[in-house]
Number of protein chains: 2
Amino acid sequence: MLSIEFGNASLCKEARLALRDAIELLGGKWKICILQHLELGTKRFKDLQEVMVGISPKVLTQELLELEQNLLITRTVNNTKPITVSYSLTPFAYEAQAVYDALLAFGIEHRKRIKGTLSGKTIPTV
Amino acid sequence: MLSIEFGNASLCKEARLALRDAIELLGGKWKICILQHLELGTKRFKDLQEVMVGISPKVLTQELLELEQNLLITRTVNNTKPITVSYSLTPFAYEAQAVYDALLAFGIEHRKRIKGTLSGKTIPTV
DNA sequence: ACTATTCGTTACCTTTAGGTAAGTAACCTT
DNA sequence: AAGGTTACTTACCTAAAGGTAACGAATAGT
């Protein structure tokens, strides 16, 4: 994801950096979805792949690695017959729940508002 | 911005769509920043251009148009000597404040956590 | 007539997020 | 030995976001 810019004014440096970090880490196509699913409990690679319809193993690996490097999930290799790998949330990840909630609430209100508006963009229904 | 995918499971359709809308509308490099600055009061195109260091008029026009079409800002043409255009928030835009707050809070905590971690990504300080 | 200001547009280019398809490695079952 | 399962990796490609640079239209000042 391209990095967010905030010019210089009105936002103190720390806030600007924090906001950029958050958007970079949680933005993109799959991150919030992965975190949401892991909130239901520990999942294996395969589980996630099945639930994230359309994701490729390459991208899933990528996303999981980023989340792990940022301390939001832990990766555990299990010594099972064919090897399996488990992913689960760290306590830190639960802080992201507030972002999810806010986005969801905003999205719901926005959707009500935009429905039937000619000037609004065509919203998907699938 | 590419559209968010949420597979099919665990998230009811409406929630999934709402979340996708929200991320698409508020994501990207400049949106939240623009809304934040407009929260300080009505701003002209030029004002925004000066404050968003690095944005080109093309991109600024683009972003403002999207926000207008989604009913978050209003655009007013003033009949001044050289024409000026004012942008201001609609009441709806204030709902996005919660998203900003959540992202900021998460970003601040995350930044504390990651600081000095070898496994964490290199966080920018500029 | 010439230049400046404000708010754009247009054409073109680069970067990156994400997708596709195939292959690898370890281990198991038949 | 052949084929299946799990968790990847590798190489290549596409589409979209965003950047750069130049130009246009309206109006005003000198």
Side-chain angles (χ1 to χ4, degrees), chain A residues 1-7 20 23-34 37-38 42-70 73-88 121-122 124, chain B residues 1-7 20 23-34 37-38 42-70 73-88 121-122 124:
Chain A
M1 190 182 215
L2 286 175
S3 79
I4 306 295
E5 291 297 330
F6 288 95
R20 181 169 65 180
I23 298 181
E24 280 179 24
L25 177 53
L26 301 178
K29 190 166 173 177
W30 302 101
K31 293 278 170 55
I32 291 233
C33 180
I34 291 172
H37 278 290
L38 288 181
T42 298
K43 301 286 177 193
R44 289 178 310 130
F45 189 87
K46 185 92 186 304
D47 294 333
L48 290 171
Q49 205 177 183
E50 272 163 15
V51 129
M52 310 283 148
V53 180
I55 202 170
S56 67
K58 183 196 99 174
V59 174
L60 183 53
T61 302
Q62 236 172 233
E63 306 282 275
L64 290 170
L65 182 61
E66 272 180 64
L67 291 174
E68 192 197 358
Q69 287 178 334
N70 283 282
I73 66 176
T74 55
R75 179 177 182 275
T76 315
V77 179
N78 313 302
N79 55 344
T80 47
K81 6 270 184 107
I83 204 178
T84 55
V85 181
S86 297
Y87 296 90
S88 53
K121 68 165 181 178
T122 313
Chain B
M1 189 184 215
L2 287 174
S3 79
I4 307 294
E5 290 297 329
F6 288 96
R20 180 168 66 179
I23 298 182
E24 281 179 23
L25 177 53
L26 301 178
K29 192 167 173 178
W30 302 101
K31 293 278 171 55
I32 291 235
C33 179
I34 291 173
H37 278 290
L38 288 181
T42 299
K43 300 286 177 193
R44 289 179 310 129
F45 188 86
K46 185 93 186 303
D47 295 334
L48 291 170
Q49 205 178 182
E50 272 163 14
V51 129
M52 310 283 149
V53 180
I55 201 170
S56 65
K58 183 195 101 175
V59 175
L60 183 52
T61 302
Q62 236 172 233
E63 305 284 274
L64 290 170
L65 182 62
E66 272 181 63
L67 291 174
E68 192 197 357
Q69 289 177 334
N70 283 282
I73 66 176
T74 55
R75 180 178 182 275
T76 315
V77 179
N78 314 302
N79 56 344
T80 48
K81 6 270 182 103
I83 203 177
T84 56
V85 181
S86 298
Y87 295 90
S88 53
K121 68 165 181 176
T122 313

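Residue numbers begin at 1 in each chain, while the letters A, B, ... track the order of the sequences.
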Just the rounded figure in Å: distance from [atom2] of [N] to [atom1] of [X].
X	N	atom1	atom2	value
B:Ile55	D:dA17	CD1	P	14 Å
B:Gln49	D:dA21	CD	P	14 Å
B:Leu48	C:dG8	CG	P	11 Å
B:Ile23	C:dG18	CD1	P	11 Å
B:Lys46	D:dT27	NZ	P	19 Å
B:Leu64	C:dT6	CG	P	17 Å
B:Arg75	C:dC7	CZ	C1'	8 Å
A:Leu60	C:dG18	CG	C1'	13 Å

- Query: What are the two closest heavy atoms between A:Leu48 and A:Tyr87, and how far apart are they?
  - Reply: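 Nearest heavy atoms, A:Leu48 then A:Tyr87: CD1-CD1, 4.3 Å.
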Would one find a side-chain N or O of [X] under 4.0 angstrom from OP1 or OP2 of [N]?
X	N	result
B:Lys29	D:dG18	no
A:Tyr87	D:dA7	no
B:Lys58	C:dT9	no
A:Arg44	D:dT5	no

- Measure the shortest side-chain to side-chain distance between B:Val85 and B:Thr76 over non-hydrogen atoms and say whether it is less than 4.5 angstrom.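 Contact flag for B:Val85/B:Thr76 side chains = no.
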- For side chain to side chain contact (heavy atoms under 4.5 Å, CB included), just list the numbers for B:Asn79 and B:Ile83, CA-CA rounded to whole Å, side-chain angles, deciding distance to a tenth of an Å, and then say yes or no. CA-CA 6 Å; B:Asn79 56 344; B:Ile83 203 177; over 6 Å; no
- Query: For DNA chain C, whose closest nucleotide is more 5', that of B:Gln62 or that of A:Gln62?
  - Reply: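 Looking at DNA chain C, the more 5' nearest nucleotide goes with B:Gln62.
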- Query: Of all the choices, C:dG18, C:dT6, D:dA7, which nucleotide is nearest to the side chain of A:Phe45 once you look at every atom?
  - Reply: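 Looking only at heavy atoms from C-beta outward on A:Phe45, the closest nucleotide is D:dA7.
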- Message: Side chain of B:Ser56, heavy atoms from C-beta onward: which of D:dT20, D:dG18, D:dT9 has the nearest atom to it?
- Response: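 Ranking D:dT20, D:dG18, D:dT9 by closest atom to the B:Ser56 side chain puts D:dT20 first.
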- Item | Close approaches to DNA chain C from residues 76-85 of chain A, in residue order (heavy atom, under 4.0 Å) |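 Output list: A:Lys81.
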- Query: Between A:Glu66 and A:Lys31, does a side chain to side chain contact (heavy atoms under 4.5 Å, CB included) hold up when you go through it step by step?
  - Reply: CA-CA 9 Å; A:Glu66 272 180 64; A:Lys31 293 278 170 55; 3.0 Å; yes
- Task: Before accepting this row, confirm whether a basic side-chain N of the pair A:Lys29/A:Glu63 lies closer than 4.0 Å to the acidic partner's carboxylate O.
- Result: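 A:Glu63 and A:Lys29: not salt-bridged.
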- Residues A:Leu26, B:Ile23; criterion side chain to side chain contact (heavy atoms under 4.5 Å, CB included); working and verdict: CA-CA 10 Å; A:Leu26 301 178; B:Ile23 298 182; over 6 Å; no
- Message: Please determine whether side chain to side chain donor-acceptor pair (under 3.5 Å) holds for the pair B:Thr74 and B:Ser88, giving the CA-CA distance in whole Å, both sets of side-chain angles, and the decisive distance to 0.1 Å.
- Response: CA-CA 5 Å; B:Thr74 55; B:Ser88 53; 3.1 Å; yes
